[in-house]
Amino acid sequence: MITMDNDLSAMHRQALQRQARARVDLLDELRAVQNASRRGLTQRETADILATSQAKVNRMLKAIERRNADLAPDPEEMILRAFAYNTPRQKLIAELKAFPYTFGQDAPYPHEGRLPGTWDRVVTALAQGLIDESEFNEVRSAIGR
C-alpha cells in the first residue's frame, strides 16, 4: 500500500484535474461539432475548422445523437469545471443549489435496473472526491433531499 505524503497527494490531485480538463474539453468539442453541424458544414469542413479528423467528427456526431443532441451543462460538468480550474467553491455550490435536478427511477418494464437522474451525478462526484461531504450536504439540504 502506498502511503500518501503531501507531494503524492498533490500529484494525485493534478492527475485528477488533468482528467477533469480532458472531459470538459471533450464536452466543449462536442458543442463545437454540434454548432458546425447546425450551420450546415460538412464533416470535412468541420474537421478542418476544429483541426481534427473527419472520422473523429463522425464519431462525435454519433455521440451527440446518442445524447439526443442534449449538451446542456449538467451537475457533472459544473463540478468537473470547478475541480479542473479551481473555481471558487461557493460559486460551484451556488450553481449546484440552483440546478433543476431529476432523480433516478426504476427502468420501465421489460427492462431491469435504474435510470439515473442528474442528482446521481452529484452523488458520484462525492464518491470520486470531486466535492466534499460538507459541500454535498449543503446542496442536498438546499434542494430538500
Side-chain angles (χ1 to χ4, degrees), residues 1-4 8-43 45-47 49-145:
M1 175 174 258
I2 299 173
T3 303
M4 295 289 265
L8 290 177
S9 266
M11 255 194 295
H12 179 69
R13 182 173 173 78
Q14 290 166 357
L16 292 175
Q17 284 180 308
R18 283 191 300 276
Q19 291 171 7
R21 283 192 297 270
R23 177 79 175 116
V24 167
D25 287 347
L26 175 61
L27 291 168
D28 290 341
E29 197 169 22
L30 284 169
R31 288 189 185 104
V33 167
Q34 184 179 52
N35 184 346
S37 176
R38 287 180 176 164
R39 291 172 177 240
L41 274 65
T42 66
Q43 290 182 18
E45 291 167 334
T46 300
I49 289 169
L50 299 180
T52 191
S53 69
Q54 180 273 326
K56 184 174 180 183
V57 168
N58 182 272
R59 288 190 302 274
M60 294 177 88
L61 286 168
K62 288 179 182 176
I64 292 166
E65 187 178 317
R66 283 190 303 274
R67 292 178 71 141
N68 296 321
D70 181 13
L71 296 175
D74 65 7
E76 176 186 24
E77 181 179 351
M78 292 176 200
I79 293 166
L80 286 171
R81 280 187 191 280
F83 185 79
Y85 298 108
N86 294 317
T87 301
R89 300 309 281 186
Q90 278 312 110
K91 181 176 187 254
L92 169 64
I93 300 306
E95 289 173 355
L96 292 174
K97 286 178 178 180
F99 192 84
Y101 292 98
T102 60
F103 301 95
Q105 306 170 15
D106 291 332
Y109 180 81
H111 305 287
E112 293 182 17
R114 185 170 181 279
L115 301 173
T118 53
W119 177 249
D120 293 298
R121 296 200 171 111
V122 178
V123 173
T124 300
L126 172 65
Q128 293 172 335
L130 300 176
I131 61 173
D132 66 34
E133 198 165 335
S134 66
E135 294 167 332
F136 176 81
N137 288 332
E138 186 177 341
V139 174
R140 186 177 65 183
S141 294
I143 65 163
R145 279 308 267 186

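Treat the numbers as computed from the prediction; the structure is a model and nothing was measured.
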Legend entry - Check against side-chain contact (heavy atoms from CB on, under 4.5 Å), Leu92 and Met78: CA-CA 7 Å; Leu92 169 64; Met78 292 176 200; 4.1 Å; yes
Inset, instruction - Kindly compute the distance separating CG (Leu27) from CD (Glu77), expressed to the nearest 0.5 Å. - result: 5.0 Å
Legend entry - Sidechain-backbone polar pair: Thr118 side chain, Thr102 backbone, donor-acceptor under 3.5 Å: yes
Inset, instruction - Kindly compute the distance separating CD1 (Ile93) from OG1 (Thr87), expressed to the nearest 0.5 Å. - result: 11.5 Å
Legend entry - Minimum side-chain heavy-atom gap Ile143-Phe103 below 4.5 Å: yes
Inset, instruction - Take Gln34 and Met60 through the side-chain contact (heavy atoms from CB on, under 4.5 Å) test and state the conclusion after the steps. - result: CA-CA 9 Å; Gln34 184 179 52; Met60 294 177 88; over 6 Å; no
Inset, instruction - Look at Lys91 together with Glu135 and state whether they make a salt bridge at an N to O cut-off of under 4.0 Å. - result: no
Inset, instruction - Could you verify whether a donor N or O on one side chain and an acceptor N or O on the other, from Arg38 and Asn35, lie under 3.5 Å apart? - result: no
Legend entry - ring pair (Phe, Tyr, Trp, His ring centres under 6.0 Å) partners of residues 126-145, not counting sequence neighbours, each pair once: Trp119-Phe136
Legend entry - Asp74 and Arg121 ion-paired at < 4.0 Å: yes
Inset, instruction - Measure from the side-chain N and O atoms of Ser37 to the backbone N and O of Val33, and report whether any donor-acceptor pair falls under 3.5 Å. - result: no
Inset, instruction - Please tell me if the side chains of Pro75 and Val139 come closer than 4.5 Å, counting only heavy atoms from C-beta onward. - result: no
Legend entry - NZ/NE/NH1/NH2 to OD/OE distance under 4.0 Å, Asp28 and Arg31: yes
Inset, instruction - Output yes when a side-chain donor or acceptor of Asp132 lies under 3.5 Å from a complementary backbone atom of Ser134, and no otherwise. - result: yes
Inset, instruction - Could you grab the distance from atom CG of Asp106 to atom NE2 of His111, nearest 0.5 Å is fine? - result: 13.0 Å
Inset, instruction - Please name all residues satisfying side chain to side chain contact (heavy atoms under 4.5 Å, CB included) with Ala55, sequence neighbours left out, ordered by chain then number. - result: Ser53, Arg59
Inset, instruction - Would you mind reporting whether Thr46 and Gln43 have side-chain heavy atoms less than 4.5 Å apart? - result: no
Legend entry - Test: Asp25 and Arg18 ion pair at under 4.0 Å: no
Legend entry - Nearest-0.5 Å distance, CG of residue Leu130 to CD of residue Glu76: 9.0 Å
Inset, instruction - Verify side-chain contact (heavy atoms from CB on, under 4.5 Å) between Tyr101 and Val122, making sure each step is shown before the conclusion. - result: CA-CA 10 Å; Tyr101 292 98; Val122 178; 3.7 Å; yes
Legend entry - Carboxylate-amine/guanidinium contact Arg114 Asp120, below 4.0 Å: yes
Inset, instruction - Measure the shortest side-chain to side-chain distance between Glu138 and Lys97 over non-hydrogen atoms and say whether it is less than 4.5 angstrom. - result: yes
Inset, instruction - Kindly determine whether Arg89 and Ile131 satisfy side-chain contact (heavy atoms from CB on, under 4.5 Å), including the steps that lead there. - result: CA-CA 9 Å; Arg89 300 309 281 186; Ile131 61 173; 3.5 Å; yes
Legend entry - Salt-bridge contact Lys56-Glu29 (side-chain N to carboxylate O under 4.0 Å): yes
Inset, instruction - Would you give the length of the straight line joining atom CD of Gln54 to atom CD of Glu45, rounded to the nearest 0.5 angstrom? - result: 11.5 Å
Legend entry - Taking every non-hydrogen atom, the tightest pair across Ile79 and Ala125: CD1-CB, 3.6 Å
Legend entry - Spatial distance of atom CD (Gln17) from atom CZ (Phe83) [nearest 0.5 Å]: 5.0 Å
